[in-house]
Visitor: 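One structure is given below, represented as structure tokens, and several questions about it will come after.
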Amino acid sequence: VAQLEHDRNQLWSELREQDRILEQRLAELRDRKSLEEDGLVSVAKQLVLVDAELAQVEADIAGARDEEELAEGPRGAEMKHQLMGLEAQMEDLQARRAYLL
């Protein structure tokens, strides 16, 4: 009888240890899931900001093209330079957007 009680106590001890390990692992998985969800929210927010900035740059490009067509001489050259800068900015934003996706 003493041996059976000893074996039973040993099994209970092992089960408690396994339960503790499983609870710890579950907590780690929950933490990781939370971090991943936080990361997705962060990426979504960044994507919204990039999309808004991209829309603004596209509007600026359209305006600069209109001004470039109307401008002559030094003003036309300045507008062309500004347009090239805006186009480069748009390419950077598109690359950033692609990275976030």
Side-chain angles (χ1 to χ4, degrees):
V1 173
Q3 182 62 40
L4 287 176
E5 275 193 39
H6 173 72
D7 291 347
R8 184 187 67 168
N9 290 338
Q10 183 67 30
L11 286 173
W12 276 113
S13 176
E14 290 172 11
L15 284 173
R16 282 192 297 273
E17 179 63 18
Q18 287 296 322
D19 186 53
R20 185 193 66 75
I21 291 169
L22 290 173
E23 287 293 332
Q24 181 181 358
R25 180 70 177 132
L26 182 59
E28 290 170 0
L29 290 172
R30 284 183 181 141
D31 288 345
R32 184 167 27 144
K33 181 181 177 196
S34 176
L35 289 174
E36 288 171 356
E37 288 171 351
D38 291 348
L40 289 175
V41 168
S42 175
V43 167
K45 286 179 181 177
Q46 290 178 44
L47 191 53
V48 167
L49 294 174
V50 167
D51 283 345
E53 193 173 345
L54 189 55
Q56 181 61 50
V57 168
E58 288 171 344
D60 292 347
I61 287 173
R65 282 192 178 132
D66 290 344
E67 285 187 46
E68 180 191 24
E69 290 173 5
L70 297 174
E72 295 180 10
R75 178 76 177 138
E78 179 185 328
M79 292 309 301
K80 186 172 186 147
H81 180 73
Q82 182 182 3
L83 182 59
M84 289 173 30
L86 287 170
E87 288 171 341
Q89 185 180 359
M90 185 175 76
E91 289 175 9
D92 289 344
L93 287 168
Q94 288 171 336
R96 189 167 155 208
R97 185 178 192 282
Y99 172 78
L100 289 171
L101 291 176

Visitor: My understanding is that a hydrophobic cluster links ILVMFWY residues whose side chain heavy atoms are under 4.5 Å apart, including indirect links. Using that, what else belongs to the cluster containing W12?
Guide: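 W12 clusters with L15.
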
Visitor: Taking the side chain as everything from C-beta on, heavy atoms only, tell me whether L86 gets closer than 4.5 Å to M90.
Guide: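 Sidechains of M90 and L86: no contact.
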
Visitor: Calculate, to the nearest 0.5 Å, the distance between atoms CG and CG belonging to L4 and N9 respectively.
Guide: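 Going from the CG atom of L4 to the CG atom of N9 covers 11.0 Å.
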
Visitor: Any chance you could measure I61, atom CD1, to Q82, atom CD, to the nearest 0.5 Å?
Guide: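 Output value for this atom pair is 10.0 Å.
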
Visitor: Mind jotting down which residue pairs meet the salt bridge (Lys or Arg N to Asp or Glu O under 4.0 Å) criterion with at least one end in residues 53-64? Sequence neighbours excluded, please.
Guide: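 Found none.
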
Visitor: Would you mind writing out the side-chain donor-acceptor pairs for residues 33-42 within the sub-3.5 Å range, not counting sequence neighbours?
Guide:
from : atom 1 : to  : atom 2 : distance (Å)
S42  : OG     : Q46 : NE2    : 3.3

Visitor: Excluding sequence neighbours, so at least two apart, what forms side-chain contact (heavy atoms from CB on, under 4.5 Å) with Q10?
Guide: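 Testing Q10 for side-chain contact (heavy atoms from CB on, under 4.5 Å), a comparison that skips the adjacent residues, returns E14.
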
Visitor: Among the clusters formed by ILVMFWY side chains lying less than 4.5 Å apart, do V48 and V43 turn up in the same one?
Guide: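 Different hydrophobic clusters.
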
Visitor: Can you list the residues that meet the side-chain contact (heavy atoms from CB on, under 4.5 Å) rule with R25, with sequence neighbours excluded?
Guide: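 Applying side-chain contact (heavy atoms from CB on, under 4.5 Å) to R25 gives E28, L29, R32.
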
Visitor: Drop me the distance from Q24's CD to D19's CG, to the nearest 0.5 angstrom.
Guide: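 Rounded to the nearest 0.5 Å, the CD-CG separation comes to 11.5 Å.
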
Visitor: To the nearest 0.5 Å, what is the distance between CD on E17 and CD1 on I21?
Guide: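 If I round to the nearest 0.5 Å, the distance is 4.5 Å.
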
Visitor: Output side-chain donor-acceptor pairs under 3.5 Å for residues 92-101, partner residues at least two apart or in another chain, one line each.
Guide:
from : atom 1 : to  : atom 2 : distance (Å)
R97  : NE     : D51 : OD1    : 2.4

